[in-house]
Amino acid sequence: MPLIAWKEIYQTGIVALDKEHQGLVEQINRLSEAIREKRGDDVLGDILKVLAEYTESHFEHEERLMQEYGFPGLAEHQQKHQELRDSVQVMKARSEEATEGLAQELYRFLRGWLLEHIVEVDNKYGAYLESRGGRFIS
Ligand SMILES: [Fe+2]
């Protein structure tokens with residue numbers, strides 16, 4: 001699994017949020033490297049902890065900006081965030097039981113998060129906010 005380089009396709013166009021998304025990519029790469037070096041289990045707990053915090057702070061940030069700008073897809077987006085939060089919590093709980101295969105599973109989950117949530121779902125508020133002058137909002 002090659003490391004992920006930040007690409008234009010990942011960009012929402014909202015600078016502050018793109019920066020936070022880059023933080024997620026860093027965690028994916030950190031996990032990927034650890035798996036390659038057969039120490040996936042060593043970083044699993046810490047990455048899940050970082051992700052649990054991330055799903056609070058980053059999602060709140062996105063939702064606040066969507067709200068401030070009256071983004072019409074807010075409720076639907078919040079639902080998607082809740083699903084991601086729940087998945088992280090489930091994995092966190094599972095990691096306290098048994099970690100067999102979990103690092104690989106987490107890696108696939110995070111790739112899906114990047115490609116399905118950031119590229120598909122976050123892109124929608126990106127275009128909306130950007131068209132309303134929101135590029136440099138924080
Ligand atoms: Fe989002």
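The structure displayed is predicted, hence computed values, not measured ones. Only heavy atoms go into these numbers, but all of them, side chains included; no hydrogens, no water, no symmetry mates.
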[atom1] of [X]: more than 12 outside heavy atoms within 6.0 angstrom?
X: Glu100; atom1: CD; result: no
X: Lys7; atom1: NZ; result: yes
X: Gln89; atom1: CD; result: yes

Quiz item: In terms of side-chain geometry, is the basic nitrogen of Glu68 or Arg64 positioned less than 4.0 Å from the acidic oxygen of its partner?
Solution: yes
Quiz item: Are side-chain N/O atoms of Asp86 and Gln82 paired as donor and acceptor at under 3.5 Å?
Solution: yes
Quick check for you: to the nearest 0.5 Å, what is the distance between [X] atom [atom1] and [Y] atom [atom2]?
X: Leu31; Y: Leu51; atom1: CG; atom2: CG; result: 9.0 Å
X: Glu62; Y: Lys80; atom1: CD; atom2: NZ; result: 13.0 Å
X: Leu44; Y: Thr99; atom1: CG; atom2: OG1; result: 6.5 Å
X: Leu106; Y: Arg111; atom1: CG; atom2: CZ; result: 13.0 Å
X: Arg85; Y: Gln78; atom1: CZ; atom2: CD; result: 8.5 Å

Common cluster, [X]/[Y], ILVMFWY with side-chain heavy-atom separation under 4.5 Å:
X: Tyr107; Y: Leu115; value: yes
X: Leu3; Y: Ile47; value: no
X: Phe136; Y: Leu65; value: no
X: Tyr54; Y: Val119; value: yes
X: Leu114; Y: Ile14; value: no

Self-check item: The single option from Val25, Leu24, Leu17 passing side chain to side chain contact (heavy atoms under 4.5 Å, CB included) against Ile118
Solution: Leu24
Exercise. Classify the ring geometry between His117 and Phe59 as parallel (under 30°), tilted (30 to 60°) or perpendicular (over 60°).
Key: tilted
Are [X] and [Y] close enough that some pair of their side-chain heavy atoms sits under 4.5 Å apart?
X: Arg30; Y: Gln27; value: yes
X: Glu105; Y: Arg94; value: yes
X: Phe109; Y: Leu84; value: yes
X: Asp122; Y: Tyr10; value: no
X: Glu116; Y: Val121; value: no

Nearest non-hydrogen partners of [X] and [Y], listed with the distance:
X: Val43; Y: Ala34; value: CG2-CB, 3.5 Å
X: Tyr69; Y: Gly134; value: OH-CA, 3.9 Å
X: Ala16; Y: Ser138; value: CB-CA, 4.4 Å

Test item: [X] side-chain N/O and [Y] main-chain N/O as donor-acceptor pair under 3.5 Å:
X: Arg135; Y: Val15; answer: no
X: Asn29; Y: Ile4; answer: yes
X: Ser32; Y: Ile28; answer: no

Quiz item: Is the Tyr125-His77 ring centre distance short of 6.0 angstrom?
Solution: yes
Exercise. Output, in order, the C-alpha distance, side-chain angles, deciding distance and verdict of side-chain contact (heavy atoms from CB on, under 4.5 Å) for His58 and His21.
Key: CA-CA 9 Å; His58 170 65; His21 287 164; 3.0 Å; yes
